[in-house]
Amino acid sequence: MPPPTVPFFLTSTTLAAAAAKPQGRPPSPAQMQQQPRDEQDASREACASYAARMRLNPQLALRLFDHLVRSGADPDHVAYALALGRCERERDRRAAAQLHAHAAKRGAASHRRVRNGLIHAYAVSGMLFDARKVFDRGHEGDTVAWNSLLRGYAAAGDVKALREFFAGMQARDTVSWNTIIAWCVENGEYEEAIAVFRDMLANRECLPDRVTLVSVISAITYLGALAQGLWAHAYVCRKGIQVEERLSSALINMYSKCGYIEGAVYVFENLGAKMSVDTWNAMLAGFTANGEKALELFARMEITGLVPNKITFNTVLNACSHGGFVEEGIDCFERMTKVYGIEPDIAHYGCMVDLFCRAGLFDKAEKMIQMMPMKPDAAVWKALVGACRTHRNFELGKKAGHRLIEAAPNDHAGSIEIDGVIHEFISGDKSHSSKEDIYEMLSEMCRQLKVAGYVPDTSQVLLDIDDEVVKESSLALHSEKLAIAFGLISTASGTPIRIVKNLRVCGDCHNAVKLLSKIYRRCIIVRDANRFHHFREGSCSCGDFWNPLLSLAPDGPLPTAHPLLLFDSKL
DNA sequence: CTAGGGTTAG
């Protein structure tokens with residue numbers, strides 16, 4: 001550890017000097033000439049060697065910059081840029097201002113890279129005014145400067161200002177468009193992200209690149225819009241866009257979350273040498289969510305010699321708890337710490353608690369909670385509450401429930417907005433275009449279900465509906481049934497039906513869809529808020545293990561605000 | 001070394 005000297009840019013003397021002499025006077029070319037040759041060479045050498053160290057150790061960039069200054073060398077633009085990059089990532093406005101003052105004194109602040117580094121560092125750390133000031137001192141045609149400032153408006157979250165700035169930009173390139181699209185995705189405006197992408201394609205002032213596609217595919221993933229995802233993938237192939245690690249992860253994730261695991265596997269298996277821990281992680285997550293054999297895939301990963309990371313184990317442990325593999329889960333947890341030296345974080349402990357809970361091993365779960373070195377978070381209590389319901393352990397469930405409310409009072413907030421790409425179904429919706437046909441199909445479906453011995457389970461309708469008949473008919477109109485009816489009449493027989501919901505499937509629908517998959521011999525894939533359900537020949541890939549309410553008697557304790565289907569979408 | 005990005009999940 002280097003001695004704890006105070007970096008020059010944090011000392012009050014530097015501050016005072018900077019305040020007194022904000023602009024400084026840059027050394028004239030003549031003065032620069034006067035400097036002895038070998039001294040300049042030494043300075044250049046020092047800069048190069050420090051730059052290398054700063055690149056290697058970006059988190060020490062500021063300290064290294066300080067050392068460089070103390071060694072008597074004159075920092076070059078690379079050193080400034082590296083140090084400012086650190087300020088930008090850390091949102092360190094104080095150090096950015098110090099570096100600014102320092103650069104101004106030495107006449108380096110007018111260097112293009114230093115200036116852009118300053119704009120960026122200021123812009124993302126909420127100092128748009130200062131960023132603007134640097135920007136206004138000569139930026140002619142510098143797209144990096146424009147984009148840095150644009151990024152600042154995005155970070156500030158003022159949509160109107162962002163839009164205006166974007167519209168008024170002198171030079172807009174791929175990065176500018178990417179910045180806007182990324183902002184949309186980050187802020188949950190997925191439809192908007194795709195709309196901007198459409199504008200970009202129509203506008204033709206620049207071409208989408210791999211970064212554009214990562215953002216766009218990510219938006220598509222959130223929307224569960226497989227058709228658009230397939231298009232995006234085709235676009236990548238068509239335009240010869242390089243499928244590097246992040247893009248392949250995005251594609252694998254997209255296919256997985258759209259329930260088209262075959263597509264994800266296709267991308268994964270065709271990566272060749274470009275496989276990385278991250279692509280494996282994406283594939284493992286896809287297997288987990290789609291009820292595939294994630295543990296076997298993990299075994300394959302270990303054989304390749306790639307070193308799994310925190311995320312890998314989080315995913316694998318999830319696969320264990322979800323599949324009920326208690327022994328394997330314990331084994332993975334051990335291997336993670338002992339073989340790979342990974343310190344378990346709260347999420348890992350959460351997975352273990354979930355693993356034990358689902359298996360009904362409550363004392364082990366409790367022991368795990370006591371063992372963990374950090375405070376249990378909402379996820380832990382949620383796992384416990386859920387399992388207590390399934391296993392009818394009311395006493396512990398009550399305790400855990402209280403802790404959950406303590407940890408996350410607003411847990412039930414949010415209803416993700418998913419807009420249908422093709423069709424939208426809202427529970428009880430009668431406004432659909434071909435509604436006559438759909439409702440006819442629906443009643444036919446109900447008849448078939450009755451023949452197959454289906455009895456509506458009204459225990460999960462939590463609104464205060466007294467009348468059994470009303471309850472039953474409200475269940476019959478749940479949006480996935482509407483969507484399936486539509487799917488059955490509008491697609492060729494044998495075509496898999498894909499449904500995206502933004503809420504959990506209710507137990508009644510889950511039962512009904514299982515039967516429907518058998519009656520109509522269709523593979524029905526439903527994505528709910530949490531995971532995928534692949535219904536085939538009367539059973540589901542989730543193994544009926546997703547909904548703690550399923551095994552609850554009608555007179556059991558009411559869970560806190562179970563969401564009723566309100567808003568779903570498409571096929 | 002200055003602008004834009006993916007993988008956990010109850």
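Everything quoted here is computed from the prediction, not taken from an experiment. First the proteins, then the strands, lettered A, B, ... as listed; each starts at 1.
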Exercise. Can you check the A:I261 CD1 to B:dT7 C1' distance for me, whole Å?
Worked result: 14 Å

Problem set entry | Test: A:K274 and A:E244 ion pair at under 4.0 Å | no

Exercise. Of all the nucleotides listed (B:dT7, B:dC1, B:dG5), which has the minimum atom distance to the side chain of A:A81?
Worked result: B:dC1

Problem set entry | SB check A:D74 A:R106 (cutoff 4.0 Å) | yes

Seminar exercise, completed: A:Y222 OH to B:dT8 C1', in whole Å, measures 12 Å

Problem set entry | Polar side chain donor-acceptor pair, A:N147 to A:N178, under 3.5 angstrom | no

For this session: Let me know the distance between CD1 of A:I119 and C1' of B:dC1, rounded to the nearest Å.
Result: 16 Å

For this session: Measure the distance from CZ on A:R86 to P on B:dT2 and round it to the nearest whole Å.
Result: 14 Å

For this session: Considering only NZ, NE, NH1 and NH2 on the basic side and carboxylate oxygens on the acidic side, decide whether A:E296 and A:R300 come within less than 4.0 Å.
Result: no

Exercise. What is the distance from CG of A:L149 to P of B:dT2, rounded to the nearest Å?
Worked result: 18 Å

Exercise. So what does A:T174 touch, heavy atoms closer than 4.0 Å: a base, only the sugar-phosphate, or nothing?
Worked result: base

Exercise. Is any side-chain N or O of A:N318 closer than 4.0 Å to OP1 or OP2 of B:dT8?
Worked result: no

Problem set entry | A:S148 side chain, from C-beta outward: closest of B:dA3, B:dT7, B:dG4 | B:dA3

Exercise. Does A:K257 place a side-chain N or O at less than 4.0 Å from the phosphate oxygens OP1/OP2 of B:dT8?
Worked result: yes

For this session: Look at all strands and tell whether A:N309 reaches a base, only sugar-phosphate, or nothing, counting heavy atoms closer than 4.0 Å.
Result: nothing

For this session: Would you indicate, yes or no, if B:dA3 has its OP1 or OP2 atom less than 4.0 angstrom from a side-chain nitrogen or oxygen of A:H120?
Result: yes

Exercise. Between B:dG5, B:dC1, B:dA9, which nucleotide gets closest to the side-chain atoms of A:S215?
Worked result: B:dG5

Exercise. Quick one: which of B:dT8, B:dA3, B:dG5 gets closest to the side chain of A:A285?
Worked result: B:dT8

Seminar exercise, completed: From the candidates B:dT8, B:dC1, B:dG5, the one with an atom nearest any side-chain atom of A:A182 is B:dG5

Exercise. Taking only N and O in the side chain of A:H322, is any of them less than 4.0 Å away from OP1 or OP2 of B:dA9?
Worked result: no

Exercise. Counting side-chain heavy atoms from C-beta on, which of B:dG4, B:dA3, B:dG5 comes nearest to A:D209?
Worked result: B:dG4

Exercise. Under 4.0 angstrom, heavy atoms only, what part of the nucleic acid is A:R113 near: base, sugar-phosphate, or nothing?
Worked result: base

Problem set entry | Distance, rounded to the nearest Å, where A:L247 contributes CG and B:dT7 contributes P | 12 Å

For this session: Whole angstrom is fine here: how far is it from CG in A:N253 over to P in B:dT7?
Result: 5 Å

Problem set entry | Per A:R55 side chain, nearest of listed nucleotides B:dC1, B:dA9, B:dG10 | B:dC1

Exercise. Closest to the A:I311 side chain: B:dG10, B:dG5, B:dT7?
Worked result: B:dT7

For this session: In whole angstrom, give the distance that lies between atom CH2 of A:W280 and atom P of B:dT7.
Result: 19 Å

Problem set entry | Pair A:R112 + A:D142: basic N to acidic O under 4.0 Å | yes

Exercise. Below 4.0 angstrom from OP1 or OP2 of B:dT2, is there any side-chain N or O of A:R112?
Worked result: no

For this session: Give a yes/no on whether any side-chain N or O of A:N314 is located under 4.0 angstrom from OP1 or OP2 of B:dT7.
Result: no

Exercise. Do the side chain of A:E244 and the base of B:dG5 come within less than 3.5 angstrom through a donor-acceptor pair of N or O atoms?
Worked result: yes

Problem set entry | Electrostatic pair A:R335:A:E302 at N-O distance under 4.0 angstrom | yes

For this session: Mind checking A:A51 for me? I need base, sugar-phosphate or nothing, with any heavy atom below 4.0 Å counting as a touch.
Result: nothing

For this session: Could you check if a side-chain atom of A:F333 sits within less than 4.5 angstrom of a side-chain atom of A:L355, using non-hydrogen atoms only?
Result: no

Seminar exercise, completed: Closest to the side chain of A:A282, out of B:dA3, B:dT7, B:dG5, is B:dT7

